Amino acid sequence: MTDRNREDVPKAEATSPSRRDFMKGSVAVGAGIVGAGALARGEDGSSVLGRVFGPSAAHAATTKGELAAHVPPGKLDHYYGFWSGGQSGEIRIMGVPSMRELKRIPVVGRDAATGWGRDDWSKELLGGRDSGDTHHVHLSYTDGTYDGRYVFVNDKANARLARVRCDTMEVDAITDIPNSQGTHGIFPQRNKTGLVLCNAEFRTPQPNDGRDLDDPTAYGAMHTAIDGETMEVKWQVLIEGNLDLCATDYQGKYSFATCYNSEGGTNLAGMMASDRDYLYVFDIPAIERAVKAGKTIKVGDGSVPVVDARGGNDSHVQRIPIPKSPHGVNIDPTGRYAVCSGKLSPTVSVVAIDKLGDVFAGKIKPRDAVVAEPEVGLGPLHTAFDGRGNAYTSIFIDSVVTKWNIDKAIQAFNDESVDPIIQKLDVHYQIGHINASMSETKDADGKWLIALCKFSKDRFLPVGPLHPENDQLIDISGEEMKLVHDGPAYPEPHDAVLVRRDMIHPSKIDPRTGPRYDYYNKLAKEDGVDLLTANKVIQKGKGRVRVYVVSVAPAFVLGEFRVKTGDEVQVIQTNLDGVEDLSHGFCMSNHDVNMVVNPRATNSITFTAGAPGVYWYYCPWFCHALHLEMRGRMIVEA
Ligand code: RUQ
Ligand code: CUA
C-alpha cells in the first residue's frame, strides 16, 4: 500500500514540463480571444480576472475603484435581486453581485419541486389556472423606499396580480383583474403600501361580452387600482389607447402609463400609424373623488367602479404626446422626472413631474411638460438611475446601454452644443429591461446595473434550440460602465429589481400566519383536531377521507393508514421540526402526489386512492441520516 503510493508520487522532472505545457497552452488560448489583451489587462497592467475573482470581499472597492463581483464561498451577497420569470410564472431571487440563483418562487405556475399548483392551498389560490407570464416585480414601499413587506408581480397571461410575503417568500394572495387582458405594467405607490396600479396592454370591447366584436370604438383598456394591503380591486379607469408600462410618483398623487397604440389599431400597421403616442398621467386623488361621488360607469359585472376617461384630457387623465410607441416609463430617484423610452423613436422624453399640476389646471399644454428629449440610440426601452444624476437606458436594436446625464439633457433641449451622452456600452444581445441597485427608490446607490438581454446567441455553451437569456452585470460605480458578468437565465426574466440586503428579513421557520393558516385552521376546527398533534384518519363521508399526519425527522408519526379504492384522500401534514433548513415533504408512490412541508409548516394534497394494494409514501426532501427510512404505508382496500 505504502509502496504503491510512493510510486504514484510524480517525480520533480516529470512535473516541470507539464507545467510549462500548461503555461504555453494558456498563452495560446489567450491569443485566440479577440481583444484578449484589452480584456485580460486593465490599463495599469493588472489582471481583470485577478480583480474580479480576487480575494477581496464582494463589494469591496478594488485598487482601481471598481467593485468586485466575486463573492467568496461562505460570504453573502450585498443585494437581493428579484427577477420575474416570464413564461415560467415564477419570481427568482438572485444574489447580487455573485449572480447566484438563491430561490425560485413559483407564483402562477406549477412546480414539481414544491408541489405549488398541486397542493390544496395553492390550488385554491390559483383558481384552476396554473400557467402564467410574470413580467414585472416590484416591492412595497414606505416613504419612497422598500419596506420589506411584499413583492408584487403581474401575470400577463391571465390578467392577475400576485403578492409574495417577504418573510416566507411565498405567494399569499392573487387577484383577478376584471375587464382586462394582458395585464402588463404594474407599480405600487411609493409613499406607503397603498395602491398597486396595473395596466391592461390589450384593448378589448368594454364590456367584452360578445356584443361589440367588430366595433373598434367600443374597445378600451383599464388602468386598475388594487389595494396592496387587502388585494381588493378598488377602481378602474377606462382609456381609449392600450396601456403598456406603469410607474408612480413619490407623493402618491400620480400614476403613469405609456401607450403605444393611441391609434386604436387592431393590427401591426394600424398600431404604428401615428408619429406620437402618449404618456397617460392619472390624478389618483381626482379619480378617487369621482369614485366617491359615484361619477362612474358599470362595465361587465359592475363589481368595480369604472371612471370613463375616453373623452380626452380632463381632471382625471392627461395625455402627454411622446414620440413614438413609447415603452418604459421610469421615475428618477429625486422624484422629479418621468423618463419615457421611445421604442420606435431613438429618443427618451423627460417629463417634469412638477409641471403636471399646471397641465391638469390647463395653464400649459401637455407637451410643455417635456423638458428634455435626448437621442440615445435605436430602440430605447427602459431606464435606470444611479442617484448621481445619470440615467442608463436599454437600447434594444443597437444592443447597448446608453449612459446619459439628466441635467445635461435638459440643457441640451435648448442648446444643441451640449451633449448629454456619456457612454454607450455593448451588451449581448438585444437588451430589454435594465435596472440598477435601488434604482426605483429614493435610495438609488449607483453600484450595480443589471442588463436583461433577450438573446444570448454565442455567449454560452450551446444547449439546443432554446437558448438561455443573458442577464449581464455591469459595474456603474465609476465614471465608466464595466461589464463584469454574464448570467444565463432560464426563460424568460423580463424585469428585475436590486434591493439592499438589510431591507429584507425572511423568516427561518414558517410563522404559521396568514391565509394559508386560515385555510388549515378551518379544516382542523371542522375535524376537532390540533394540527400540531393530529395523526389520524377521518372519514368525511361519500368516499372522502382526511388524513392528518405530523412529521418529525426522521419519521411520519402516522406510519400507516387505510383507505378504500377510489376514495378522495386529503393528506394534511404538519412539520414539527422548528429547525432552520429542515424541510420534509410527502410523496405518495405511483399517485402523482408530491409536496414540500417546510419547518413548522402545514401543507396538504388531495388525490384519488388507486387500485387495491400497498403504496409507500415517503419524504422526498433530504432531512436526516435516516431520511430514506422516513416513509409509511397507505393500504388501499377493495
Ligand atoms: S416589458 S422589455 Cu413586459 Cu417589461 Cu419592457
Ligand atoms: Cu423528512 Cu426526508
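If you're wondering where the values come from, they're calculated on a predicted model, not measured in any experiment. Indexing begins at 1, ligand by ligand and atom by atom, following the structure's order.
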Would H135 count as a contact for atom 3 (Cu) of ligand 1, in the sense that one of its N, O or S atoms lies under 2.8 Å from it? yes
Would you check if atom 2 (Cu) of ligand 2 lies under 2.8 Å from any N, O or S atom of P554? no
Checking heavy-atom distances from atom 1 (S) of ligand 1 to each of E201, E492, H494, H327, the winner is H327
Checking distances from atom 5 (Cu) of ligand 1, one finds that the N, O or S atom of H382 closest to it is NE2
Contact region, K156 to ligand 1, non-hydrogen atoms below 4.0 Å, reads neither
Looking at H627, the N/O/S atom that lies nearest to atom 2 (Cu) of ligand 2 is called ND1
message = Restricting to N/O/S atoms, is H433 within less than 2.8 Å of atom 3 (Cu) of ligand 1 or not?
response = no
>> Assess whether a salt bridge exists between D176 and R129, defined as any Lys/Arg side-chain N lying under 4.0 Å from an Asp/Glu carboxylate O.
In response: yes
Pair D111-R118, salt bridge (charged side-chain N to carboxylate O under 4.0 Å, His left out): steps then yes or no:
CA-CA 8 Å; D111 179 43; R118 300 298 305 276; over 6 Å; no
Here the vertex angle at atom 2 (Cu) of ligand 2 for SG of C619 and O of W621, given to 10°, is 90°
query = On the ring face of Y150, is R163 found with NZ or CZ under 6.0 Å from the centre and within 45° of the axis?
reply = yes
- [ ] For atom 2 (Cu) of ligand 2, decide whether H624 has an N, O or S atom at a distance under 2.8 Å.
- [x] no
